[in-house]
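These notes are about the structure you will find just below.
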Amino acid sequence: QRSWNVQAVEKITDRKRLETLLKSVDSSYELLSQHRIRLQTEFQERNKVAVMLKEFVMHQKEQLRSVESRLTEYQGKLQKVQAVRSQLQSHLNSLPDLTTVTKLEPLPEPGSLFGAPDD
């Protein structure tokens with residue numbers, strides 16, 4: 001690594017040496033300019049990515065709230081379905097077992113249900 005001493009430049013009297021030094025300074029300046037441009041571009045890209053990530057996180061949080069809300073809603077519906085299922089099972093259990101019934105009374109004739117009374 002070179003150490004540049006500005007006062008040493010004033011002591012140089014050889015034109016060729018000054019031109020070589022000037023080319024070296026110009027080359028270094030160009031390299032620094034290109035590097036600064038790359039850093040600036042990277043900084044801008046990182047800022048864009050940061051904004052995109054912030055928006056993504058906000059969107060994910062909104063989706064999470066929506067999904068949690070739907071989950072709560074569906075859990076409530078599931079509890080209702082389980083309650084109805086339990087009531088239905090209880091009702092089924094209270095019905096008589098028709099396989100054990102040996103003889104059923106015959107149903108009345110439709111005419112006797114809707115006919116005029118015999119007086």
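Think of Leu64 as one node in a network of Ile, Leu, Val, Met, Phe, Trp and Tyr side chains linked at under 4.5 Å; it has no links at all. Hydrophobic cluster membership for Leu92: Leu88, Leu95 (Ile, Leu, Val, Met, Phe, Trp, Tyr linked by side-chain heavy atoms under 4.5 Å, directly or transitively). The other members of the hydrophobic cluster of Leu53, by chain and number, are Val49 (side-chain heavy atoms under 4.5 Å, ILVMFWY only).
For residues 32-46, the pairs satisfying salt bridge (Lys or Arg N to Asp or Glu O under 4.0 Å) are Glu42-Arg46, with sequence neighbours left out. For residues 64-91, the set of pairs meeting the salt bridge (Lys or Arg N to Asp or Glu O under 4.0 Å) definition, not counting sequence neighbours, comprises Glu73-Lys77.
In this structure, the side-chain contact (heavy atoms from CB on, under 4.5 Å) partners of Asn93, at least two apart in sequence or on a different chain, are Gln89. Remark: Glu19 pairs with Arg15 by the salt bridge (Lys or Arg N to Asp or Glu O under 4.0 Å) rule, at least two apart or across chains. When the side chain to side chain donor-acceptor pair (under 3.5 Å) test is applied to Gln75, no partner is found at least two apart in sequence or on another chain. The side-chain contact (heavy atoms from CB on, under 4.5 Å) test applied to Pro96 returns no partner, not counting sequence neighbours. Evaluation of the side chain to side chain donor-acceptor pair (under 3.5 Å) rule for Asp97 yields Thr99 as partners, not counting sequence neighbours. Under the side-chain contact (heavy atoms from CB on, under 4.5 Å) criterion, Gln63 pairs with His59, Gln60, not counting sequence neighbours. Asp26 is linked by a side-chain contact (heavy atoms from CB on, under 4.5 Å) to Leu22, counting only residues two or more places apart in sequence or in another chain.
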